[in-house]
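What follows is a set of notes on a single structure, which appears directly below.
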Amino acid sequence: MSIQELSRKFKGLYSNPEYLLLILIITVSFVSFYLGRVSVGNGHSEATRIPIQATIIESNTLQNHDITSTTTPLVEEKVVKETYVASKSGTKYHLPWCPGAKQIKDENKVWFATKTDAEKAGYTPAANCKGI
């Protein structure tokens with residue numbers, strides 16, 4: 001088969017509407033699949049992120065403490081789990097990776113360690129945040 005015969009064959013395929021529709025469907029499928037893969041980013045979904053933990057170090061005053069004493073620590077370490085976040089002006093609390101939590105400005109965020117802490121402060125769970 002020569003190149004001219006092959007080109008005639010392909011030209012015949014493009015003139016048939018059924019083949020054009022098939023080619024269109026396949027092309028749209030591949031482009032949609034590719035765009036879906038690109039939109040995922042680096043492959044980590046939002047639900048697999050781990051909540052942020054902050055470590056706060058508080059130093060005790062040196063008054064009335066014996067520096068050589070081992071019973072009274074001069075520095076205590078407290079681990080605070082910041083698991084839930086809410087807006088100062090809002091009524092709902094979220095997990096840090098939820099869409100609603102991402103829209104809250106840092107200066108307006110209020111953090112809670114537990115659901116009960118957030119509910120005691122008057123907040124209710126966000127409906128669009130999975131896992132609450």
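Residue numbers run from 1 in the order of the sequence given.
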Heavy atoms only: give me the nearest E107-K88 pair and the separation to one decimal.
O-NZ, 3.1 Å
For residues 115-122, which side-chain donor-acceptor pairs fall under 3.5 Å, sequence neighbours excluded?
from, atom 1, to, atom 2, distance (Å)
T116, OG1, T114, OG1, 3.0
D117, OD1, T114, OG1, 3.4
D117, OD2, T114, OG1, 3.2
E119, OE2, Y93, OH, 2.9

Hey, could you give me each pair passing side-chain hydrogen bond (donor to acceptor under 3.5 Å, both in side chains) that has a residue in residues 123-132? Not counting sequence neighbours.
K92-T124
Qualifying residue for side-chain contact (heavy atoms from CB on, under 4.5 Å) with N108, from I104, D106, V110:
I104
Please determine whether residues I25 and F33 belong to a single hydrophobic cluster, defined as Ile, Leu, Val, Met, Phe, Trp and Tyr linked transitively by side-chain heavy-atom distances below 4.5 Å.
no
So with a 6.0 Å cut-off around CD of E18, is the heavy-atom count from everything else above 12?
no
Should the heavy atoms of other residues, nucleotides or ligands under 6.0 Å from CG of L35 be counted, would the total exceed 12?
yes
Minimum heavy-atom distance between T83 and P96, given as atom pair plus value:
O-CD, 3.0 Å
V85: which of W97, W111, F112 passes side-chain contact (heavy atoms from CB on, under 4.5 Å)
W111
